[in-house]
Amino acid sequence: MNEITDTWSVAGVPLSSRFLLGTAGYPSPQVLRDAMLASGSQVVTVGLKRQLAAAGDNGFVQMILDTLKQTGARLLPNTAGCATAREAVQLAHMARELYGTPWIKLEVVGDEYTLQPDPAELLEAARQLVKDGFTVLPYCTDDLVTCKRLLDAGCPLLMPWGAPIGSGQGLVNPFALRLLRERLHGATLIVDAGIGAPSHAAQALEMGIDAVLLNSAVSRSPDPVRMAGAFRLAIEAGRAAYRAGVLPKQDFATATTPVTGNSFLLGNAP
């Protein structure tokens with residue numbers, strides 16, 4: 001198997017890494033930089049609202065931009081913290097002017113406790129931003145109908161959650177994600193939110209999910225750099241397992257050693 005040829009793409013941009021990394025909550029800019037390098041990520045997301053709230057800390061964003069230039073990775077601004085379509089659209093336009101990219105990770109939260117996306121506001125914002133020339137990557141739930149409508153609105157891919165943001169629960173509804181993979185066969189799917197351990201990321205890739213995006217599982221680790229490397233390996237392993245073919249589950253035993261046919265003895269016959 002030639003891993004070099006196992007690429008995927010976002011809006012026609014070829015990518016080899018299936019690990020998208022967030023930048024919030026790291027203990028220092030240097031740790032974030034080292035984690036970005038250890039992850040091998042080619043797409044790094046930044047929350048514009050968080051940057052505006054810390055307007056005096058220009059060194060943080062500049063460090064991210066310098067690291068992206070060094071690695072050739074791309075910046076993916078996000079609209080985290082928005083609660084309405086109008087607010088998200090305005091923030092997306094600000095991000096495009098500030099960073100010079102039409103890519104936007106669209107987040108419109110409908111519930112403050114679970115941070116669950118609001119499907120109606122999300123769809124409205126997606127339609128408007130696509131019309132305005134953005135490449136819209138929507139953070140959504142694993143609801144099949146909502147996902148279909150977002151694709152119909154012109155989103156090039158979907159980012160369904162695995163669990164509530166920052167919860168570390170992993171894939172709480174594998175059935176729904178498998179259903180998305182089966183019914184949306186040609187769509188690119190990135191599990192975003194809820195992943196807490198490298199094994200969760202590997203599980204997503206094993207079932208045919210194209211990539212994962214995570215933040216807290218790395219930034220909140222006692223050793224973010226080492227954890228970033230662990231996730232990189234797990235994601236590569238999960239993808240390799242999917243391509244090789246994972247043994248399907250079944251409710252009965254299947255002997256791995258034949259029990260019929262000619263018998264044989266180990267060692268010398270008496």
Side-chain angles (χ1 to χ4, degrees), residues 8 10 18-22 43 45 76 78-80 82-83 105-123 125-126 136-153 155-220 227 230-231 234-243 245-251:
W8 62 299
V10 175
R18 295 172 182 270
F19 185 2
L20 287 72
L21 185 67
V43 179
T45 183
L76 175 61
N78 68 58
T79 62
C82 292
K105 180 192 172 191
L106 180 60
E107 299 184 34
V108 187
V109 170
D111 180 72
E112 288 301 321
Y113 180 73
T114 63
L115 300 181
Q116 180 172 329
D118 183 320
E121 295 291 318
L122 182 67
L123 184 58
V136 181
L137 285 63
Y139 164 60
C140 55
T141 65
D142 50 23
D143 177 71
L144 176 61
V145 175
T146 299
C147 288
K148 284 183 175 180
R149 289 178 177 173
L150 287 167
L151 291 174
D152 290 342
C155 298
L157 56 77
L158 301 168
M159 306 182 79
W161 69 352
I165 293 174
S167 67
Q169 296 181 50
L171 310 185
V172 296
N173 194 349
F175 169 79
L177 292 174
R178 288 193 182 95
L179 183 62
L180 291 181
R181 181 70 290 162
E182 292 174 4
R183 296 296 304 276
L184 307 176
H185 181 69
T188 298
L189 302 177
I190 302 173
V191 166
D192 176 19
I195 289 178
S199 57
H200 301 156
Q203 181 186 6
L205 273 291
E206 285 171 5
M207 68 171 64
I209 299 299
D210 296 284
V212 297
L213 189 156
L214 58 93
N215 186 164
S216 299
V218 171
S219 67
R220 295 182 186 176
M227 184 60 75
F231 268 103
I235 290 165
E236 292 174 355
R239 176 62 182 176
Y242 172 73
R243 295 184 73 193
V246 178
L247 181 69
K249 294 181 180 179
Q250 57 190 25
D251 295 329

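Looking at residues two or more places apart in sequence or on another chain, you find a side chain to side chain contact (heavy atoms under 4.5 Å, CB included) between Leu157 and Val10, Leu137, Met159, Thr188, Ile190. Scanning for side chain to side chain contact (heavy atoms under 4.5 Å, CB included) contacts around Thr114 gives Asp111, Gln116, with sequence neighbours left out. With sequence neighbours left out, Asp143 forms a side chain to side chain donor-acceptor pair (under 3.5 Å) with Thr146. Judged as a side chain to side chain contact (heavy atoms under 4.5 Å, CB included), and not counting sequence neighbours, the contacts of Ala197 are Ser199, His200. Evaluation of the side chain to side chain contact (heavy atoms under 4.5 Å, CB included) rule for Ala193 yields Tyr139, Trp161, Ile165 as partners, not counting sequence neighbours. By the side chain to side chain donor-acceptor pair (under 3.5 Å) test, Gln250 is found to be paired with Thr254, residues two or more places apart in sequence or in another chain being considered.
Under the 4.5 Å side-chain criterion, counting only non-hydrogen atoms from C-beta, Asp142 is in contact with Leu180. Within the 4.5 Å cutoff, no side-chain heavy atoms of Leu21 are placed close to those of Phe231. Side chains of Pro119 and Thr141 form no contact here, defined as non-hydrogen atoms less than 4.5 Å apart.
Listed by first then second residue, pairs satisfying salt bridge (charged side-chain N to carboxylate O under 4.0 Å, His left out) with a partner in residues 192-201 read Lys105-Asp192, not counting sequence neighbours. Judged as a salt bridge (charged side-chain N to carboxylate O under 4.0 Å, His left out), not a single pair has a partner in residues 163-173 (not counting sequence neighbours). Within the structure, no pair that satisfies the salt bridge (charged side-chain N to carboxylate O under 4.0 Å, His left out) test touches residues 159-173, not counting sequence neighbours. Within the structure, salt bridge (charged side-chain N to carboxylate O under 4.0 Å, His left out) contacts touching residues 159-180 (residues at least two apart or in different chains) do not occur.
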Determine, step by step, whether Val145 and Arg149 satisfy the side chain to side chain contact (heavy atoms under 4.5 Å, CB included) criterion, reporting the C-alpha distance in whole Å, the side-chain angles of both residues, the deciding distance to 0.1 Å, and the verdict. CA-CA 6 Å; Val145 175; Arg149 289 178 177 173; 3.9 Å; yes
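To the nearest 0.5 Å, the span separating CD on Gln203 from CG on Leu171 amounts to 4.0 Å. Rounding to the nearest 0.5 angstrom, the gap separating the CG atom in Leu184 from the SG atom in Cys147 is 6.5 Å. To the nearest 0.5 Å, atoms CG (Leu150) and CG (Leu106) are separated by 8.5 Å. With rounding to the nearest 0.5 angstrom, the CD atom of Glu107 is 9.5 Å from the CG atom of Leu122. To the nearest 0.5 Å, the span separating CG on Leu158 from CG on Leu151 amounts to 4.0 Å.
In plain terms, the two heavy atoms of Gly194 and Ser167 that are nearest each other are CA-OG, 3.9 Å. Nearest heavy atom pair, residue Ala163 against residue Gly170, reads CB-O, 3.3 Å. Considering every non-hydrogen atom in both Ala234 and Pro198, the closest pair reads CB-O, 3.3 Å.
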Please tabulate, for the side chains in residues 205-217, all donor-acceptor contacts under 3.5 angstrom to protein atoms that are two or more places apart in sequence or on a different chain.
{"unit_1": "Asp210", "atom_1": "OD2", "unit_2": "Arg181", "atom_2": "NH1", "d": "2.9"}
{"unit_1": "Asp210", "atom_1": "OD2", "unit_2": "Leu189", "atom_2": "N", "d": "2.9"}
{"unit_1": "Asn215", "atom_1": "OD1", "unit_2": "Ala24", "atom_2": "N", "d": "3.0"}
{"unit_1": "Asn215", "atom_1": "ND2", "unit_2": "Ala24", "atom_2": "O", "d": "2.9"}
{"unit_1": "Asn215", "atom_1": "ND2", "unit_2": "Ser219", "atom_2": "OG", "d": "3.2"}

